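In each ligand, atom 1 is the first atom listed, and ligand 1 is the first ligand listed. It should be emphasised that the depicted structure is a prediction, and the values quoted were computed from it without experimental measurement. The residues of the chain are indexed from 1 along the displayed sequence.
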Amino acid sequence: MNINEITDFNPEKIIKRDEINRYYRDGHDFIDDAFISRTLEEAKEPDPTKIRDILAKSLAIETLLPEETAALLQVTDPALKAEMTETAGRIKHKVYDNRIVTFAPMYISSYCVNRCRYCGFSADNPHQRRRCLSMDEIKAEAEAMTGVHGHKRVMAVYGEHPMTGAKFIADSLAAIYSVSVKTRHGTSNVRRINVNAAPLSIDDLKIVHEAGIGTFQVFQETYNHKTYAQMHPANTVKGDYGWRITCMHRAFDAGIDDVGLGVLFGLQPDWRFEVMGMLVHARELERYSGIGPHTFSVPRMHAASGSAVSQEKNSFSDDDFLHAVTVLRLSVPYTGLIVTARETAELRDKCIDLGITQMDASTRIDIGGYSQRNTVQKIDEQQFMLGDPRSLEQMIGDLARRGIITSFCTAGYRCGRTGGCIMDALKTGREGTFCKINAVLTFREWLDDFASPETLKLCEPVINSELKAIQETYPKFYPNVLDRYNRICSGERDLYF
Ligand code: SAM
Ligand code: SF4
């Protein structure tokens with residue numbers, strides 16, 4: 001497709017006004033900038049006793065109120081901050097134990113009708129060498145991701161373009177799911193695909209839902225209306241704040257009950273505003289559907305082709321980033337937290353103790369990068385530059401050294417443990433039982449199929465200690481677990497509870 005066809009695109013062909021307005025109250029969306037700014041202002045210099053009360057509420061796995069999150073965001077005292085990070089770690093352990101779930105993004109198309117000022121895929125960027133994968137190329141990517149690296153969870157990522165609408169997304173998911181690769185001792189395949197795409201209409205969301213998605217992820221980028229308008233030109237689809245902020249309401253109405261929120265840190269000078277925005281969004285979804293977000297993502301802006309904004313130095317420091325992650329963990333304790341390979345290995349590893357739950361690895365974000373076995377990043381062939389080049393095997397080894405098990409579990413959505421069901425299970429700690437067992441079963445598969453002798457040596461003590469913990473905690477159920485574990489050792493695959 002010729003790139004000129006993109007710039008003539010009419011946003012009104014996509015945006016359905018009635019599918020925005022029905023979610024507004026008194027003609028407004030639910031993000032009240034003045035309220036957020038005022039709440040942050042009033043929370044300055046918080047009383048330590050009040051902070052400790054808030055931490056107790058977080059530990060009880062309750063979603064915080066905006067004024068409580070604002071107070072945590074305004075803590076500057078190092079000792080109090082240390083108490084916050086310690087509590088965030090305890091919550092992570094309580095809800096998600098010592099697991100990190102792993103996945104990898106599959107970038108499917110870099111064609112985009114939008115002109116986001118921070119993104120290499122912007123239609124305004126003539127330097128980007130654009131590609132949209134064919135169904136055969138998508139299968140080749142899936143083969144490499146699952147056959148070479150051993151991934152079972154994929155995040156499919158698309159620019160916004162008529163070429164890659166809902167039908168294309170559904171077909172691409174079917175192409176990925178159709179791939180199965182023979183491994184050393186069994187087979188490997190992608191078992192859960194999350195989607196990061198543009199906001200869709202309810203009818204289009206139904207098409208994507210029926211194709212079998214895990215999480216539907218759309219980042220608001222910035223919750224601040226003014227910054228949003230500065231970053232997204234008005235005559236584009238993405239320039240419509242209302243279409244984006246209401247997309248998760250539409251997702252719920254289309255039957256998708258597993259959604260992921262995020263912001264792009266670095267766009268809005270006041271990063272605290274963005275954390276507040278995510279909290280308010282989570283609370284609004286809880287109000288609307290009874291189900292909060294499944295994940296928060298905290299991407300930070302990195303250098304992108306053709307984007308001056310992305311290459312300017314911004315004031316959002318590593319310390320701010322760690323504070324933001326801590327406050328999110330404390331504010332919505334049951335929600336998964338994703339820190340991607342945009343960040344360096346060092347910073348990501350620091351985030352683990354603060355409560356992150358998902359990390360990608362062996363990450364390629366150039367279109368077709370896995371099957372082409374590219375190892376060098378080229379700024380004009382990808383959306384932005386990555387900071388953590390670790391392979392999945394390296395990351396698994398690093399985690400194992402810290403006693404952390406890497407999980408490839410995809411059982412949740414295939415067993416119907418999604419939406420309200422998983423929220424309740426996470427809040428009460430019940431989901432932990434299934435997750436712990438499924439982490440062991442899927443980790444065993446990966447170790448047998450993909451680990452080198454050195455990695456095996458690092459990981460066997462971790463898996464053995466997990467098995468022992470399961471035996472001690474669930475003695476009656478343990479024989480069932482052991483039966484499936486042994487069947488996996490004999491080459492059976494994809495056994496889960
Ligand atoms: N086109 C869809 C959209 O915008 O919603 C799909 C997402 S885009 C391919 C994935 C995400 O990458 C965006 O939502 C944005 O947060 C992030 N992103 C864009 N430019 C970035 C940059 N320069 N550095 C880091 N992340 C960036
Ligand atoms: Fe397109 Fe998404 Fe990039 Fe914006 S962030 S230019 S919508 S791919």
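The shortest contact between atom 8 (S) of ligand 1 and any protein heavy atom is with Gln383 NE2, 3.2 Å. The protein atom (non-hydrogen) at minimum distance from atom 4 (O) of ligand 1 is Lys238 NZ, 2.7 Å. For atom 27 (C) of ligand 1, the closest heavy atom belonging to the protein is Phe384 CD2, 3.6 Å. Closest protein heavy atom to atom 2 (C) of ligand 1: Tyr158 O, 3.5 Å.
A side-chain donor-acceptor contact under 3.5 Å links Gln377 to the backbone of Leu386. The main-chain N or O of Ala198 is never found under 3.5 Å from a side-chain atom of Arg244 such that the two would form a donor-acceptor pair. With hydrogens and angles disregarded, a donor-acceptor distance shorter than 3.5 Å links the side chain of Tyr96 to the backbone of Tyr334.
Around atom 1 (Fe) of ligand 2, the protein contributes the following N, O or S atoms under 2.8 Å, ordered by chain and number: Cys112 SG.
At least one cation-pi condition fails for Arg250 and Tyr23: the charged atom is not both under 6.0 angstrom from the six-membered ring centre and inside a 45 degree cone around its axis.
A search for side chain to side chain contact (heavy atoms under 4.5 Å, CB included) contacts involving Ser289 returns Phe252, Ile291, not counting sequence neighbours.
The aromatic rings of Phe316 and Phe265 lie parallel to each other, their planes meeting at an angle below 30°, with 60° marking the opposite boundary.
Residue Asn196 has no nitrogen or oxygen atom sitting less than 3.5 Å from a nitrogen or oxygen atom of ligand 1, judged on distance alone.
With a 4.0 Å heavy-atom cut-off, ligand 1 is reached by no atom of Ala303. Residue Cys119 touches ligand 1 through backbone and side chain together, judged by heavy-atom distances below 4.0 Å. Counting heavy atoms closer than 4.0 Å to ligand 2, residue Gln383 contributes side-chain atoms (C-beta onward) but none from N, CA, C or O.
Of the options His161, Arg117, Glu221, Arg244, the smallest heavy-atom separation from atom 5 (O) of ligand 1 is shown by Arg244.
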